[in-house]
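Structure record follows, encoded as structure tokens.
Proteins get letters first, then strands, A, B, ... in listed order; numbering begins at 1 in each. Only a predicted model underlies this, so the values are computations on that prediction, with no experimental measurement involved.
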Amino acid sequence: MFKHDVCDALKAALSKLGWKPPRLLEDTLEKPPDPKLGDLASTICFDLAKSLHKSPTWLAVELSKVIKPVGLIARVEVVGNYVNFFVNVPKLTELTLRAVEEADEEYGHLKAGKRKVVIEHTSVNPTKPLHIGHGRNAVIGDTMARVLRALGYQVEVQNYIDDMGRQVAETLLANQLIKRKPRAKFDHVLGLIYAEMHRRIGQDAKLEERVRGILAELERGKGKRVVTAKRLTQRCVEANLETTDRLGVSYDLLVWESDIARSGILVEVLERLRATPHVTEGTGERVGTLVLRLADYGIDDKVLVRSDGTAVYTARDIAYQLWKFGQTKSGLRFRLHSKRPDGSKTYTTSQRGKSIARFGQADKVINVVGAEQRFPQRVVFTALKVLGLEQESQNSHHLAYEHVWLPSGRFSGRKGTWVGFSVDDVVEEAVTRAHVVVEEHAPKAGERFKQEAAEFVGVGAVRYSLLSTSPEKRITFRWEDALNFDRNSGPAVQYSHARACSILRKVKRRGGKHPSDVFKLPQEARLVKLLARFPEVVREAGEKLQPNLPALYAAELALAFNTFYEVAPVIDAETPELRAARLRLVNCVRITLRNALELMGMVAPERM
RNA sequence: GGGCCCGUGGCCUAGCCAGGAUAGGGCGGCAGCGUCCUAAGCUGUAGAUCGAGGGUUCGAAUCCCUCCGGGCCCGCCA
């Protein structure tokens with residue numbers, strides 16, 4: 001709002017002087033290094049100095065003479081070469097507080113129309129538990145889904161389950177050969193016997209042959225193995241979903257690779273690709289294969305179909321991507337899978353399901369996939385272009401994230417290095433630790449409260465620690481980060497929310513009008529400015545696919561609220577007017593913190 | 001060999017895409033704050049050649065080039 005007013009004022013001043021704006025006015029604006037210098041500064045005089053051949057200082061003075069303080073602008077000051085704008089704090093305060101109060105749970109939300117977004121995330125092989133790196137994927141994806149929903153998109157979250165891959169084949173063999181199974185949650189059992197089997201296969205060529213046999217059987221889609229595979233992978237997915245439920249992550253649709261394989265989508269898409277000039281038979285070493293040639297697009301060629309006739313992963317991904325956009329003739333069948341704890345429904349693809357067209361049909365697709373898959377993702381998006389789906393290609397986004405590492409190195413499902421670092425393990429440890437802290441903090445509270453608090457604090461800490469680092473940076477897993485309850489943590493945000501609630505709980509009557517100039521403290525102004533920024537943060541997070549922005553923002557707001565809390569008595573404020581005004585402010589902080597927590601999939605507790 | 005990502009105080013991190021004034025936070029360190037709305041808090045303080053070098057520019061953490069360190073991709077693998 002303020003930014004907009006400043007641009008308007010600059011534009012008017014420039015046209016009055018007959019000076020041409022050198023570039024987008026908004027791009028000349030920045031935050032001064034010291035709030036005493038102003039709330040926004042324009043560096044436009046540096047640009048004008050070049051085109052008009054005058055000193056920037058002189059230009060700044062001349063410009064400031066004709067700038068009219070409109071809207072939220074209180075005054076304009078020139079410091080050196082900068083034109084600095086001060087916001088009218090009382091005006092901004094009234095506008096912001098009213099906006100927050102009126103929108104309430106919608107504050108920060110936008111109505112961006114009815115466009116539909118499909119977000120694919122998690123997509124773990126159904127042969128193991130989620131380790132903390134998968135947790136990062138799920139939390140990033142889930143947060144993006146929440147952000148885009150807030151922005152008014154119709155969001156559909158899909159979890160792709162590859163129940164036909166080599167890992168499944170090895171797991172089937174493991175299940176058959178390893179009689180003494182460890183006692184654990186089902187996905188952990190599979191993960192453990194898979195690692196053991198992988199070790200044995202490395203030592204025994206006969207086992208390798210058997211794996212290939214099983215793989216071929218799965219590929220054919222007929223026989224006892226297929227039934228067993230379905231049973232095991234389904235149970236594994238159920239176990240995985242227990243984990244994601246606990247994290248507050250949910251899915252609209254589970255997409256099974258085997259269902260896609262039998263739907264005819266892959267065959268259809270390959271057929272269409274074959275009809276384009278970019279897809280040809282392989283030559284030389286690649287005789288008998290089908291190759292996607294992308295030199296025209298500056299990308300290496302990619303084999304789509306092996307000489308034995310089977311399709312590579314990328315080919316399946318292309319087919320799936322087309323389906324997400326509703327660009328295939330063949331379709332899938334669906335049935336209700338379950339109701340999630342948050343009340344939402346999860347559907348699954350199914351051979352026996354009813355065919356309903358409401359899934360897919362996306363305007364925009366976001367794939368939350370590891371950064372190492374940048375090349376194959378690019379191939380997929382380029383393949384859409386090859387098929388003439390220019391729009392769909394441009395509306396395809398790879399939200400690439402780097403993996404979570406242990407201090408000792410990478411996670412490996414094959415080597416089983418995830419043991420002790422599964423999402424289940426980490427969340428359990430965090431909740432246990434949180435319980436100790438809750439115990440210290442509220443010894444007299446009931447056990448039920450303590451358990452609930454420990455749960456949302458533990459989960460909040462884990463979610464925040466996975467979310468707050470920008471996705472393109474590798475995270476080295478350290479227990480002290482995942483179990484961080486200090487400021488700049490998930491629980492710190494929750495704590496500030498609970499504090500705000502606590503104040504509001506203690507007063508019977510709140511609200512009412514207040515003279516807009518009762519606020520005097522810089523801490524109050526800072527809070528107001530932060531509150532005003534929230535919608536922009538949400539928008540930017542959605543547009544740039546940066547799910548860490550809400551996390552950073554929430555921590556900043558929580559910190560600012562704590563600072564305010566120390567210096568500004570609310571209930572015992574000096575005057576009734578100030579008390580009423582501060583109550584409004586606290587309530588608006590409460591609303592905004594809650595909405596931010598909601599975006600991050602974290603509980604906003606009234607007490608903790 | 002070709003390409004992509006990362007490198008910011010002891011540790012973690014924001015800022016980089018859209019160059020601007022004194023590089024923001026947090027952890028840890030040190031020194032303080034308990035009659036008072038939740039101390040999971042607050043205040044103060046020390047600590048940074050923004051990986052290195054060069055270039056562009058009035059101005060570079062930010063743009064360009066080279067190099068160094070770490071990671072990843074370039075399979076009929078999965």
Establish, with yes or no, whether the OP1 or OP2 oxygen of [N] is under 4.0 angstrom from a side-chain nitrogen or oxygen of [X].
X	N	result
A:Asn562	B:C42	yes
A:Thr310	B:C76	no
A:Arg474	B:C72	no
A:Arg286	B:C76	yes

Parallel, tilted or perpendicular: rings of A:Tyr160 and A:Tyr320 (30°, 60°)
parallel
Applying the 3.5 Å cut-off to both distances, the Watson-Crick or G-U partner of B:G75 turns out to be none
- Query: Hey, does A:Ile299 reach any base, or is it just sugar-phosphate, or nothing, if we go heavy atoms under 4.0 Å?
  - Reply: nothing
- request: Classify the nucleic acid contact of A:Ala560 as base, sugar-phosphate or nothing, counting any heavy atom under 4.0 Å across all strands shown.
  value: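 Touches nothing.
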Taking [atom1] from [X] and [atom2] from [N], how many angstroms apart are they, rounded to a whole number?
X	N	atom1	atom2	result
A:Leu292	B:G75	CG	C1'	15 Å
A:Tyr82	B:C58	OH	P	15 Å
A:Arg212	B:C76	CZ	P	15 Å
A:Leu559	B:G41	CG	P	9 Å

Does A:Tyr313 stack onto the base of B:A78, taking stacking as ring centres under 5.5 Å apart and planes under 30° apart? yes
| request: Please indicate yes or no: is the ring centre of A:Phe46 less than 5.5 Å from the centre of the six-membered base ring of B:G59, with the two planes inclined by under 30 degrees? | output: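 Stacking is absent between B:G59 and A:Phe46, given that the ring centres and planes do not meet under 5.5 Å and under 30°.
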Donor-acceptor pair (no angle test) under 3.5 Å: A:Lys473 side chain, B:C5 base =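 Side chain to base: no pair present.
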Is the closest basic N to carboxylate O distance between [X] and [Y] below 4.0 Å?
X	Y	answer
A:Glu402	A:Arg136	no
A:Lys520	A:Glu574	no
A:Glu209	A:Arg212	no

